[in-house]
Amino acid sequence: MAALLDGVKAVAPALSNVVTELIESAASDVNWTEIDGEATALRNISEEDTTAALTALIGSIASQYSQGIIVVDQVERASEGLSSSLIAVARHVPDTWRLVLALNDEMPAGSAWLRNFWPDLAYERATSVPVEPLRAPAVQAWYTSVRGSAPAPADVENAITWTQGRPLLLEEWITGRTDLAGLKSTLTRVGPYYKTRIDALPSAARALLRRLALFPVGTRFGFDLVRALSGEDDPESAYEVVNELVGELFLVTDLSPQTNDTQYLFRHDTIHLHTLTGAPAQVVRDLATKTHEILKTCPLPQPELNSWSMARLAVAAGESDDGPRIAAEACRALMAARSFVDAEHLARSAIEAFPHAELDELRLAHADAQNGMGDYEAALASLEMIGQPTADVWLSKGRALLRLNRYGPSQEALQKAWASFPAKSVGTSAAQRELITIKRDLGNYVDAVHSSRVLLSGLSDESSDAERAGVLRALARSLALAGDNEAVIYANSALELGRQLGIGPESTGLLTLGEALRHSGDPASALEAYRESADLSLSTGNRDCYLWAVLGASDSLRLLGRPEDSRREAEPATTLLKSSATTHPLESLHFDLLEAATALGERTGSFDHDQLASAYADLEISWPSELLQMSATDIRQTPLPF
């Protein structure tokens, strides 16, 4: 119950008010005299009839008040008799009621309870709902809503590591009851328990567990890799070793839908993190060195996870000759999968591990990861550490400056990148797309469309799907702002390619489709695309895409004549921007413009339009001043030009 209520508090704090209202409503609607009689009878009956009387009491309450929830916490501590009674209640609970059983399956007692009683519950149509840990974007948004300022990405990462994303523990830090250093003790509190269990393992199983713990949290291990890491030549012997870890509740098995083979993974991240706690640094380094060599001949099936593991192992092993290069390659692979947070952490760890190595390539990867996370000032600082700027450095700098809406310096850096890349290269195309974004931001839509069409015509059969999708998105967004309904065609093509490329290109493809639909007069369909884009971008930590998707969704609701829904839709993003206006100036102004347009449409006139237009003019953007002069009727029907 504690975990469930904690999760509700984190995701939807307002629900506490709803619960209060329900209790007050029940007090007035339910015939408590009749129910009190049932409860009195329950206290006076024999133990054997308790279950029957309890279900009768629930039925009586249900007849008076149709819906309800029964929550039983710490089920793993229940006696066998009580557990049997819970199963009986599950069989007789009214259809409009829910029985929620909360248990800790990390403990042996919890796992045993599930093994014994889950078949009966499943037969009664029960559903298993794991309480998922909070991820970085949710933690960041929660912290910002409470503190009024955004936390540092490194602090968020450490907080999640030390609490395993558990809202009850995170709340201590977010509300200020515990500082960040204090959170680290949440792991040490259960350390002795895990140490005792690990030390009791046979030596072969203990050695395998330690090698598995070197890999990133969440890694799935195929049997070939497990066998190689176990050091057993005989497959059956390796199978016995890994089965020991499964039987002792350290690992669980899962059937891979890709290969139809059994895969192994840690039962809980806490076990993963505690396996090497307290091990001497030299032991960890030796384990990493040996595991690194094994992995070279037995790679993981996912390329980005393989490169990530190789890089982490290289850092742990202190391989300064190849470590920075391997880490930079791993960062690129992670960013291709839109795992910017993981890429930033890996790059930072490697830079700290190899202070005397050549780090320019790694620093560039670090800056690109910071760009992907929306930490543009930090990206610029990382780029300043690079000795000789290259075309890639100029491109990264141009992107960071553009996201900070410093259009002049951004255009200068992008022009240098364009001139430095080989003709018709991927880098040239990327620089051109960023220059097209500048044209759109400044309201030069006709030029943006022309440049996008030239870029599309220059693609060849050798152009990658990723490059093609990027160009299609640039053209679709430019056409949308130019008022050309052809934008929807190109947006759908970009989305089709994006879905083949992964979650990152899919989320930006959905954003592009939302913009094309909103500007072509279909705000209802646009709203669906924007919301899906926002959800996907949150899962990858792509703050830029998230902010633009929420902005588009909110404007779509305004166009649908739902101003209050529009404000509610925008609230999470505007809360996030309260502490980020300096790093996302244009997005902040666009949300202000959205509220001004909503106020104009409602004829409330509650906005200082001249001040808003002046703030845009500071960024050399003039079109909002004309927009704010529109009549209430016209502005209600006009999509905002972003």
Side-chain angles (χ1 to χ4, degrees), residues 132 135-138 215-220 222 254 256-259 263 265 299-312 327-347 365-366 368-374 395-396 399 426-427 429-430 433-434 437 459 462-477 490-516 528-549 552:
E132 298 292 339
R135 301 185 64 176
F215 289 82
V217 169
T219 301
R220 293 170 177 266
D254 189 32
S256 167
Q258 289 82 17
T259 62
Q263 293 186 324
L265 60 156
L300 290 164
Q302 309 99 309
E304 72 279 359
L305 189 55
N306 181 39
S307 61
W308 186 15
S309 301
M310 291 287 284
R312 281 171 55 106
E329 291 174 357
C331 287
R332 295 293 172 200
L334 287 165
M335 284 188 278
R338 285 305 195 261
S339 297
F340 295 111
V341 174
D342 294 328
E344 192 278 334
H345 175 237
L346 176 59
H366 190 205
D368 287 340
Q370 289 167 319
N371 269 339
M373 290 171 57
L395 177 60
S396 188
R399 282 173 168 160
V426 174
S429 175
R433 293 202 305 274
E434 301 295 359
T437 300
L459 295 177
E462 286 74 37
S463 299
S464 68
D465 286 345
E467 182 182 1
R468 188 174 298 276
V471 173
L472 287 169
R473 288 195 301 269
L475 178 55
R477 296 179 76 173
Y490 289 106
N492 275 312
S493 297
L495 178 57
E496 184 178 348
L497 278 176
R499 283 183 167 142
Q500 298 171 25
L501 293 167
I503 188 172
E506 182 179 3
S507 63
T508 50
L510 284 162
L511 171 65
T512 302
L513 179 60
E515 296 192 344
E528 293 181 17
Y530 281 130
R531 282 176 167 170
E532 192 174 350
S533 174
D535 288 342
L536 290 178
S537 57
L538 264 182
S539 70
T540 61
N542 188 343
R543 185 191 289 188
D544 262 11
C545 187
Y546 169 72
L547 290 173
W548 287 102

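Fair warning: this is a prediction, and the values are worked out from it, not measured in the lab.
Looking at residues two or more places apart in sequence or on another chain, you find a side chain to side chain donor-acceptor pair (under 3.5 Å) between E515 and R477. Shown here are the side chain to side chain donor-acceptor pair (under 3.5 Å) partners of R433, two or more places apart in sequence or in another chain: S429. Take Y546 and apply the side chain to side chain donor-acceptor pair (under 3.5 Å) test, not counting sequence neighbours, and it matches no residue.
Minimum heavy-atom separation, R468 to S463: NH2-CB, 4.2 Å. Nearest heavy-atom pair across A466 and L501 is CA-CD1, 3.6 Å. Counting all heavy atoms, side chain and backbone alike, S533 lies closest to S507 at OG-O, 2.7 Å. Nearest heavy atom pair, residue R399 against residue A430, reads NH2-CB, 3.5 Å. Nearest approach of P505 to R473, heavy atoms of both residues: O-NH1, 4.2 Å. Contact record, A491 with A516: CB-CB, 4.0 Å, taken as the closest heavy-atom pair.
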Intermediate values then yes/no, salt bridge (charged side-chain N to carboxylate O under 4.0 Å, His left out), D368 and R332: CA-CA 9 Å; D368 287 340; R332 295 293 172 200; 2.6 Å; yes
Evaluation steps, side-chain contact (heavy atoms from CB on, under 4.5 Å), between L510 and Y530: CA-CA 6 Å; L510 284 162; Y530 281 130; over 6 Å; no
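Note that the CG atom of N492 and the CG atom of L497 stand 11.5 Å from one another [nearest 0.5 Å]. Between H366 atom NE2 and S396 atom OG the span is 11.0 Å, to the nearest 0.5 Å. A distance of 9.0 Å separates CG in N371 from CG in L395, rounded to the nearest 0.5 Å. Taking CG of L513 as the start and CD of E532 as the end, the distance is 9.5 Å to the nearest 0.5 Å. Taking CG of L511 as the reference point, atom CG of D544 lies at 10.0 Å (rounded to 0.5 Å).
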